[in-house]
Amino acid sequence: MLRPSPEPDAPVRRTRVLPASVALRSLAGALWLVVPLIALALLALAVFGPTDQRTFVTFLINVTIVVGLGAFAGNAGVLSFGHAGFVALGAYLGGILAMTPAQKALALPDLLGVLANAHLATPLALLVTALVVGAIALLPGVVVARMTPSAAVLGTFALLVIVNDVLTGARSITRGNQTFFGVPPLATIMTCLLVAIAAVVVARLYRDSAFGLRLRAAREDPLAASAAGIAVGRQRLIAWVLSAAICAAGGMLLGAYIGAFSPKTFYLTLTFQLLAMLLVGGWTTVSGAVVGAAVITLLTTFLGDLATGPGPLPEFLSLTEVGISVSILIVLYFRRDGLMGRLEVDEHVAAWRRRRAERGTAAPAAPAPGESPAPLVAPERPGASAELVVAGLAKSFDGLHVLRGVDVTVRSGEILGVIGPNGSGKTTLVNAITGVVRPEHGSIALAGRELAGSAPCDVTRAGVARTFQNIRLFATLTVRQNVQAAVSAHGGGTLTPAAADALLRVVALDDLAERESRSLPYGAQRRLEIARALATDPRLLLLDEPAAGLNDVESERLLRMLRTITAERGVGVLIIDHDLGLMMRLCHRIVVLDQGAVIADGSPDEIRSNPEVLRAYMGAKSAQALNERRAV
Ligand code: ADP
Ligand code: MG
């Protein structure tokens, strides 16, 4: 039933950000968007009249900006109301860099220094604008990245207001409320196409890179992400800066395209339109951003013509806003994740092919329950040195003492069981060790290194991985991505797809690597959580009730798996479980917690016959269960 773990001497392949195989797949995926964009551009150049060409240029600029917005909002799961601010900064800065000094002397006579004299070619101006606005975005980014997602949304709104006020106030640079003019007409179809393609490719590579994957994991579950070694704030900041830079490039094109603008041009109406495009298309994918830009651009043009045209309708100028709002409501009502859902175009195609292939072949045979190759032998007590030493750990919640000076040690290669009644503090012990809650007293040393007070991601990077009592997977990521999102304790690398599959083989999930993790059966979800923890290369694995909710066959399977993992990888395991029979057979040593204190610590046999344990904790029924298991 359990397959052997990957060849022990095969090097575990890790890469820092973007494995070549992933990059190639990403680029191939981006082609599904890039090719239609090029085809449309050729059509526009050859066939479209001036009006349709203008609509097409608007579309390309919208693509760039919305793809930029999505790089942060979609991957981080934080809608941003502030990105129109980056568009505005891009429009002003890019405009100033592209204007000739003579134009600037006319339109902006008070401009000083470098800005007055700079005159850059379009590509260079785009690049400098993106870099400078990206750098400016760092400051608000540090703040937004540290907020909870709901607070961050409000924070981005505040940013929009601030940028608008600054642009209105900086009259010598922006002409304040007056119209800014004089930007050369550089937003040609060709330029806008190239910038849109660059935005699509960069955003897609980012989404599929280790950075993007980690941010998407954090979007699904920030706590589980930090337990997988992910520094959530840092990942948000990376996306924020990248997305600000892309939006600024789009902003420069937008400014040049409309020619004359003021800070109001980039305020609430634009914010609303950008969010509409992102939400209608699907905010978690690059494809969604492109599709949304297409739909809303067409809708805006159509409704704009209808409102102002000589048709039967009375002049109804807000028809466009009403139409866009209704389209958002309709799309989100029927498709919560937008028209494209949560998959890129190529991922939809691959999923469709997979479904078709699966229909053609018989379902893979489930492993036969009785297929146990070797009987479980009594565990040997390892003689290795102590790996984790927890001493005097104390924690209280609102005056309730949940941990009262707990001492626990785990050796490498040892399976330590922690048992105790509900509410005795077992989960809090794991939470305190992994930095999820901060203990008031005590020390937590891993191979001599003090961990008390560290953030969860730092504890994981130090070599302690965990699972959760209530399963916390990255729900909409695939099985393989759940494992790949984890950060290695050794140097922070990410598993290559092949290495991730080898790890999935250890927990017998390699056949399901492409499945969305939330669609897995319960037992498989538990195993995937263990694989994700192993992907961090831990020295110590903390498992909080991994067999809860499993039937006997699955529990047995899990038990064998843990044996294999501990023996082959030499990791120490601290396991909490209520299945006393399983614990007695699995663990080298057992610690009994009662009301936040250790009341017994010894071998399963010692625990079985410890009168205090039997009396104080287990009660007659459990004692009977223990002795029944003894006969097994
Ligand atoms: P166990 O895992 O042994 O069942 P827990 O560690 O989950 O026990 O809980 C121990 C006690 O601490 C319980 O009374 C629980 O209500 C309380 N507790 C745990 N976490 C918190 C929290 N974050 N805030 C307040 N009380 C908590
Ligand atoms: Mg618990």
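Whatever order the structure lists them in is the order used to number ligands and atoms, beginning at 1. Both backbone and side-chain heavy atoms feed into the values below; hydrogens, waters and symmetry mates do not.
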Item to complete: Just go through G420, P421, G423 and tell me whose heavy atom is the nearest to atom 10 (C) of ligand 1.
Response: G423
Worksheet item: In the protein, what heavy atom is nearest to atom 20 (N) of ligand 1, and what distance, to one decimal place, separates them?
Response: F397 CE1, 3.4 Å
Worksheet item: Do the charged groups of E554 and R557 touch, with an N to O distance under 4.0 Å?
Response: no
Practice prompt. Verify the distance criterion only: is there a donor paired with an acceptor across the side chains of T494 and R214 at less than 3.5 Å?
Written response: yes
Item to complete: Determine yes or no for a side-chain-to-main-chain donor-acceptor pair under 3.5 angstrom, with R216 supplying the side chain and R207 the backbone.
Response: yes
Discussion item. Classify the ring geometry of H83 against F72: parallel below 30°, tilted from 30° to 60°, perpendicular beyond 60°.
Written reply: parallel
Worksheet entry | Distance flag for atom 15 (C) of ligand 1, protein heavy atom under 4.0 Å | no
Discussion item. I want to know if ligand 1 touches T428 in the polar sense, i.e. an N/O pair below 3.5 angstrom.
Written reply: yes
Fill in: Heavy atoms from other residues, nucleotides or ligands near CZ of R354 exceed 12 (cutoff 6.0 Å)
yes
Worksheet item: Is there an N/O/S atom in Q469 that lies less than 2.8 Å from the Mg ion (ligand 2)?
Response: yes
Worksheet item: In ligand 1, which numbered atoms sit nearer than 4.0 Å to a non-hydrogen atom of V402?
Response: 10 (C), 11 (C), 12 (O)
Discussion item. Below 2.8 Å, can you find an N, O or S atom of T428 next to the Mg ion (ligand 2)?
Written reply: no
Worksheet item: How far is atom 7 (O) of ligand 1 from its nearest protein heavy atom, and which residue and atom name does that atom have?
Response: T427 CB, 3.5 Å
Discussion item. Give the atom numbers and elements of ligand 1 that come within less than 4.0 Å of a heavy atom of G425.
Written reply: 1 (P), 3 (O), 6 (O), 8 (O), 10 (C)
Worksheet item: Hey, is the main chain of I575 close enough, under 3.5 Å, to the side chain of K426 for a donor-acceptor pair?
Response: no
Discussion item. For R608, is there an ion pair with D605 - N to carboxylate O distance below 4.0 angstrom?
Written reply: yes
Worksheet item: Could any protein non-hydrogen atom be found less than 4.0 Å from atom 4 (O) of ligand 1?
Response: yes
